[in-house]
J.: 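A single structure is presented below for examination.
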Amino acid sequence: MSKAQIGILDLIIAAVLFMAVAIPSVYFWNLTRDRLITGMDYSEMQVKAFQLSDLLIKSEGKPTKWENTINETLALGLAESDRAISPQKLSALNATSYNTTRKLLNVGIYSFKIRLTNPGNEPIMEYGKNFTGQSSVVIERYVTYEGEKIIFEFTLWK
Amino acid sequence: MNSLFGNKGFVLSMDAAVAISIVIVVLVISSFYLSRSEDSLPKVQMMKTGSDIIAVLDNEGFLQSSNATDIKGEINDLLPPAYNMRVSINGTFLSQALIIETGTEPVGATFIGGGKRFFVITSPSPGYGIIKFWIWLK
Amino acid sequence: MRNKNGQAAIEIIFTIGIIIFTFLLLAAFTFERKIEVQNFAKGAEVKKDCFKLTNLIVGAFINGEGTTITTKLSENMTAEQNSLYIDENFCGLSANVLKQNFNLAKGKVSIENKNNSIIIQNV
């Protein structure tokens with residue numbers, strides 16, 4: 001008796017073609033999702049960095065003379081007026097521990113570094129942790145310090 | 001007459017080939033579309049640069065004299081090479097608006113950031129002014 | 001001529017079972033991905049709202065006494081000390097400037113700087 005056989009070769013070819021489409025689709029899906037998540041994380045970091053740099057260079061902080069009583073500080077600000085950095089507040093920041101500043105700025109999972117340089121890139125002050133992570137955002141803002149223009153560089157990283 | 005592989009048709013294979021082609025085309029197009037997302041944060045950076053520059057002009061006292069040459073020199077000093085900027089200064093101390101530009105106006109559909117700042121003049125006589133800026137990529 | 005009876009062979013039932021199982025797997029996979037996309041889109045929208053509000057609160061604080069900003073929230077939100085909460089998501093405020101804790105319903109809200117503190121309320 002001759003037995004019929006279901007076209008097994010056809011089935012194998014169809015299965016192979018199906019896998020050839022399904023596996024790249026799954027891989028591509030996961031790749032796109034990971035890229036989206038990474039992109040969103042980076043955008044989040046940029047938004048946070050802009051917000052922090054704005055706060056530091058535009059506001060006097062709360063209370064406005066926080067440099068006299070750091071323990072009662074609710075908000076940090078380095079400005080004596082809009083984008084004019086106060087030497088007293090800068091000194092007070094320098095004297096404050098990094099962990100205290102981190103808590104006040106509520107940076108969460110991020111770390112940060114503040115760097116002030118003159119237009120010739122000579123350092124005036126550095127504060128915070130150097131970058132040792134995987135991604136960072138560097139914001140450069142123009143401000144004045146003691147009547148002269150300087151660059152306020154804020155790095156947020158993780 | 002028999003063909004080499006018998007008398008089986010190629011309909012199913014063509015179906016599969018067409019289906020796979022469509023899937024590949026959809027994947028490629030969606031990949032291209034997803035990778036081309038517009039990032040708005042460089043625009044924010046540009047506007048903040050413009051805002052910082054006019055704040056620095058105010059803090060350094062350039063707006064007190066309203067000397068066009070000095071102001072243009074200072075803007076050229078501060079402005080990153082990738083940007084062009086236009087500034088207009090008006091106030092109680094000026095008979096007409098002072099316009100300063102660092103380069104040619106943008107052509108076509110270019111994003112232009114802008115803002116303004118109010119400032120106070122103390123000499124030769126008290127007054128106030130407004131400085132507006134427009135900033136764009138070269 | 002003898003009648004020949006056909007028989008639904010076990011192989012056919014087995015094959016149909018495999019095909020149905022394969023399609024069920026595909027359907028489950030697609031459904032899971034659809035849920036993932038929906039959650040992702042919702043999470044992105046919530047984060048956008050959260051960041052918008054923190055930016056406006058910090059902006060109102062920076063601009064000083066008397067600043068009032070009006071905006072729209074797409075979800076209910078709780079503002080506590082230096083964090084904003086929407087469902088299980090939260091984002092941190094860079095300054096402890098809120099006058100008190102606030103529960104906000106979705107819709108129009110105003111952010112006001114009064115006595116160097118920020119007051120947020122539904123309008």
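Below, chains carry the letters A, B, ... as their sequence lines are ordered, and counting in each starts from 1.
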J.: Among B:Ile53, B:Val44, B:Asp58, B:Thr49, single out the residue with the greatest number of heavy-atom pairs under 4.5 Å to chain A.
T.: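 Maximum pair count with chain A is reached by B:Val44.
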
J.: Minimum heavy-atom separation for A:Pro119 to A:Lys149, with atom names?
T.: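 Looking at all heavy atoms of both residues, the closest pair is CD-O, 3.4 Å.
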
J.: In this structure, is the centre-to-centre distance between the rings of A:Phe112 and A:Tyr98 below 6.0 Å?
T.: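 Ring centres of A:Phe112 and A:Tyr98 closer than 6.0 Å.
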
J.: Should B:Thr102 and B:Val87 count as side-chain neighbours, where that means a heavy-atom distance under 4.5 Å?
T.: no

J.: Under 4.5 Å from any heavy atom of chain B, what part of A:Leu31 do you find: side chain, backbone, both or neither?
T.: neither

J.: Does a salt bridge link A:Arg141 with B:Asp52, judged by any charged N lying under 4.0 Å from a carboxylate O?
T.: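 Judged by the 4.0 Å cut-off on N to carboxylate O distance, A:Arg141 and B:Asp52 do form a salt bridge.
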
J.: Tell me, side chain or backbone of B:Asp77 under 4.5 Å from chain A's heavy atoms, or both, or neither?
T.: side chain

J.: Can you check whether A:Lys58 reaches A:Arg83 side chain to side chain, under 4.5 Å on heavy atoms?
T.: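 Side chain of A:Lys58 against side chain of A:Arg83, heavy atoms only: contact under 4.5 Å found.
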
J.: Against chain A, label B:Glu74 side chain, backbone, both or neither, depending on which of its atoms sit under 4.5 Å from a heavy atom there.
T.: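 Side chain only.
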
J.: Identify which part of A:Val143 has an atom lying under 4.5 Å from any heavy atom of chain B, answering side chain, backbone, both or neither.
T.: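 The answer is the backbone of A:Val143.
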
